[in-house]
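What follows is a set of notes on a single structure, which appears directly below.
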There are 2 protein chains.
Amino acid sequence: MSEAKVMINELLVDIFNRILAIESEELKQGGVKLSMNEVHVLEAVQVVAEPSMTFIAAKLGITVGSLTTAVNTLVQKGYVTRYRFPEDRRKVLIKLEDKALEVLDIHREYHEKMIDAIFEDLKVDEDLVLVQSLSKVASYFKK
Amino acid sequence: MSEAKVMINELLVDIFNRILAIESEELKQGGVKLSMNEVHVLEAVQVVAEPSMTFIAAKLGITVGSLTTAVNTLVQKGYVTRYRFPEDRRKVLIKLEDKALEVLDIHREYHEKMIDAIFEDLKVDEDLVLVQSLSKVASYFKK
DNA sequence: TCGAATATTTTGAAATTCAAACAATAATAT
DNA sequence: ATATTATTGTTTGAATTTCAAAATATTCGA
């Protein structure tokens with residue numbers, strides 16, 4: 001591997017290893033009582049086009065069974081509610097309650113700070129390269 | 001947030017959510033019986049300067065107690081051994097056995113394929129931008 | 001309508017995690 | 001030297017998270 005490749009690899013591994021612990025710490029300081037796992041479920045519900053169990057689980061890379069238990073506790077804590085999708089009553093859709101939206105606001109602020117740190121000092125055409133590079137990583141993981 | 005920032009954010013979240021499941025699948029197909037967690041422990045042992053429990057746990061972003069249980073099973077399965085560091089007998093250092101090195105070879109191949117996919121079609125000066133951008137993300141997470 | 005396919009929950013068990021208590025060794029201060 | 005404090009790691013006890021497989025409900029297609 002070339003020097004740049006070795007570096008990219010180490011950086012990705014490092015970021016991956018640290019990100020969860022640090023996000024978790026940030027949330028705790030923001031007064032949020034949920035685990036990172038639970039917050040990521042909320043985030044996926046918000047982002048996914050149709051928030052059914054199957055789609056949310058796919059977005060998170062976990063099984064639907066795992067998601068069921070996660071949603072159980074979130075429902076119990078009052079962050080989300082379940083409802084049947086009228087057009088296809090097999091599907092269970094998840095709705096975010098106000099409590100969840102507050103948490104997601106705090107989490108989004110953290111993400112924005114992170115992204116700003118990345119973009120600091122980058123020029124416009126460099127932004128483009130970064131977006132394209134990350135697109136490649138993402139599509140590599142999707143196929 | 002600008003459009004580029006929104007995209008970067010979504011890409012990072014996507015990559016993060018998928019990477020574990022896919023790495024795990026790749027390993028299974030390579031005939032490796034270990035979980036991704038266990039493989040990441042081996043990886044950290046290999047990378048860290050002095051493979052003591054504290055340093056390895058810090059590299060992984062988990063508590064030393066959690067690492068102890070992970071190392072217990074890896075010792076039991078014959079992938080690593082523990083030994084006391086003579087210069088400071090409080091420290092327990094971890095040594096990779098041949099079995100572990102084989103697994104890490106398979107895992108490294110996967111990482112190389114991933115990195116190659118990223119670098120495909122990128123030009124040299126674009127490589128530099130990517131490295132610098134990721135360095136920023138990494139240093140953001142370290143401070 | 002009947003059987004296959006899809007969507008989700010339940011079940012049972014294993015893996016992973018943490019915080020706090022405990023034990024051993026080293027460093028510092030008195 | 002010896003007591004105190006700090007560092008390093010393991011153990012404990014409990015909670016969380018995960019999965020695969022079985023069970024249930026609904027929809028779709030023949």
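We name chains A, B, ... by the order of the sequence lines, and we start the count at 1 in each one. Here the structure is a predicted model, which is why all the values come from computation and not from measurement.
The NZ atom of B:Lys91 sits 9 Å away from the C1' atom of D:dT8 (whole-angstrom rounding). At whole-Å resolution of the value, CD in B:Glu38 and P in C:dA15 are 8 Å apart. Atom C1' of nucleotide D:dG9 and atom CZ of B:Arg82 are separated by 9 Å, given to the nearest angstrom. One interatomic measurement links the two molecules: CZ of A:Arg89 to C1' of D:dC28, which rounds to 16 Å at whole-angstrom precision. Nucleotide C:dA26 holds its P atom 11 Å from the CZ atom of B:Phe85, rounded to whole Å. One atom, CD1 of A:Ile56, and another, C1' of C:dT9, lie 15 Å apart when rounded to the nearest Å. Residue A:Lys33 contributes atom NZ, which lies 17 Å from atom C1' of C:dC18 at whole-angstrom precision. Rounded to an integer number of Å, the gap from B:His40 NE2 to C:dA15 P is 18 Å.
Looking at the side chain of A:Val92, the nearest of the listed nucleotides C:dA19, C:dT9, C:dT17 is C:dT9. Of the candidates C:dA7, C:dT17, C:dT9, the closest approach to any side-chain atom of A:Val64 belongs to C:dT9.
No donor-acceptor distance shorter than 3.5 angstrom exists from the side chain of A:Arg82 to the backbone of A:Val92, with no hydrogens or angles considered. In this structure, B:Glu38 contributes its side chain and B:Ser35 its backbone to a donor-acceptor pair below 3.5 Å.
When the side-chain nitrogen and oxygen atoms of A:Thr63 are compared with OP1 and OP2 of D:dC19, one or more of them lie within a distance under 4.0 Å. Between B:Asn37 and the phosphate of D:dT18, there is no side-chain N or O to OP1/OP2 separation shorter than 4.0 Å. Side-chain nitrogen and oxygen atoms of A:Thr54 include at least one within less than 4.0 Å of the OP1 or OP2 phosphate oxygen of C:dT8. At the phosphate of D:dT16, neither OP1 nor OP2 sits under 4.0 Å from any side-chain N or O atom of A:Ser35.
The base of C:dT8 is not paired with the side chain of A:Arg90 by any donor and acceptor separated by under 3.5 Å.
Other residues, nucleotides and ligands contribute at most 12 non-hydrogen atoms within 6.0 Å of the CZ atom of B:Arg89.
Comparing A:Asp88 and A:Ser66 by the nucleotide of DNA chain C whose heavy atom lies nearest to each, the residue mapping closer to the 5' end is A:Asp88. Projected onto DNA chain D by closest heavy-atom contact, A:Gly65 and A:Arg84 fall at different nucleotides, the more 5' of which corresponds to A:Gly65. Taking the nucleotide of DNA chain D with the nearest heavy atom to each of A:Leu67 and A:Glu87, the more 5' of the two is matched to A:Leu67.
Residues A:His107 and A:His40 meet the side-chain proximity criterion, which asks for heavy atoms closer than 4.5 Å.
Within the nucleic acid shown, B:Thr68 comes within 4.0 Å of at least one base atom, counting heavy atoms only.
Each of B:Thr73, B:Leu74, B:Val41 was compared with B:Leu34 under the side-chain contact (heavy atoms from CB on, under 4.5 Å) criterion, and only B:Leu74 meets it.
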